[in-house]
Amino acid sequence: MITELKLGFLASGGGSNVQAIIDNIKSGKLNAEACAIISNNSSAGVLERAAKEGIPYYHISSKTNPDDASEAIINAFKSHGVNTVILAGYMKKLDPTIIEAFNGRVLNIHPALLPKYGGKGMFGINVHKAVLEAGEEQSGATIHRVTPEYDDGDILGQKFVPVLPDDIAETLAARVLEVEHQVYTETLQKIADGEIEL
Ligand code: GRF
């Protein structure tokens, strides 16, 4: 069982989830190492965060690597000793070769309580709109294992957020994001402690 977490991040946006994990590693809350950060978006805020933190980072996409983006991602992560891949706001479907290369040790965060409100088109603000339209009384965040299908795979961690009567999608999204920042670290620490086997 691998409990020594050497993390490689894939993110397309601002990277507040990546930052929360890095901060928790630095404060000793999470026993892991942040080895490398990759974005498919050259102007993603997450790459600026990587530079600031002194963590190796790469822009790899179908533009930079039209024929072999997945291979380039695998090679970059392997060159930094990554053994667990962390998706955090990565807006690309993951090629199965990446999942295989890391023996299924690939996790994602979703801003709702899967298996509800997942799948194609369920990203960003759409998720929170759907939760409100359905009249749910609670939402939350889910950490799950990544499979070749969107938002599929075993659920490894979940944290709940009440839906408030005057919520709009943006206010709900902001409260869910707060628990996203907690549940990724909590789930990873359970893996590091051997409580969850990947
Ligand atoms: C988060 O809500 C995550 O759940 C979703 O994309 C958002 C990423 O936010 N898949 P950030 O880039 O970590 O700030």
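Whatever order the structure lists them in is the order used to number ligands and atoms, beginning at 1.
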Which residue holds the protein heavy atom closest to [atom], what is that atom called, and what is the gap in Å?
atom: atom 9 (O) of ligand 1; result: N17 ND2, 3.8 Å
atom: atom 3 (C) of ligand 1; result: E180 OE1, 3.1 Å
atom: atom 7 (C) of ligand 1; result: G89 CA, 4.3 Å
atom: atom 14 (O) of ligand 1; result: S16 OG, 2.6 Å
atom: atom 12 (O) of ligand 1; result: G15 N, 2.8 Å

**Request:** Establish, yes or no, whether a centroid distance under 6.0 Å links the rings of Y57 and H80.
**Result:**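 Ring centroids of Y57 and H80 are no less than 6.0 Å from each other.
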
**Message:** Can you tell me if A11 contacts ligand 1 (heavy atom of the residue under 4.0 Å from the ligand)?
**Reply:**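 Under 4.0 Å: no for A11.
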
**Prompt:** Does E137 CD have over 12 foreign heavy atoms under 6.0 Å away?
**Reply:**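 Incorrect, the count does not exceed 12.
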
**Item:** Enclosure of K29 NZ (heavy-atom neighbours >12, cutoff 6.0 Å)
**Value:**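 Counting other residues, nucleotides and ligands, NZ of K29 stays at 12 neighbours or fewer.
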
**Note: R175-D167 ion pair, threshold 4.0 Å (strictly below)** =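 Salt bridge between R175 and D167, a charged N being under 4.0 Å from a carboxylate O: yes.
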
**Request:** Check the side chains of Q189 and E195 for a donor-acceptor pair under 3.5 angstrom, ignoring hydrogens and angles.
**Result:**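 Absent: no donor and acceptor within the cut-off.
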
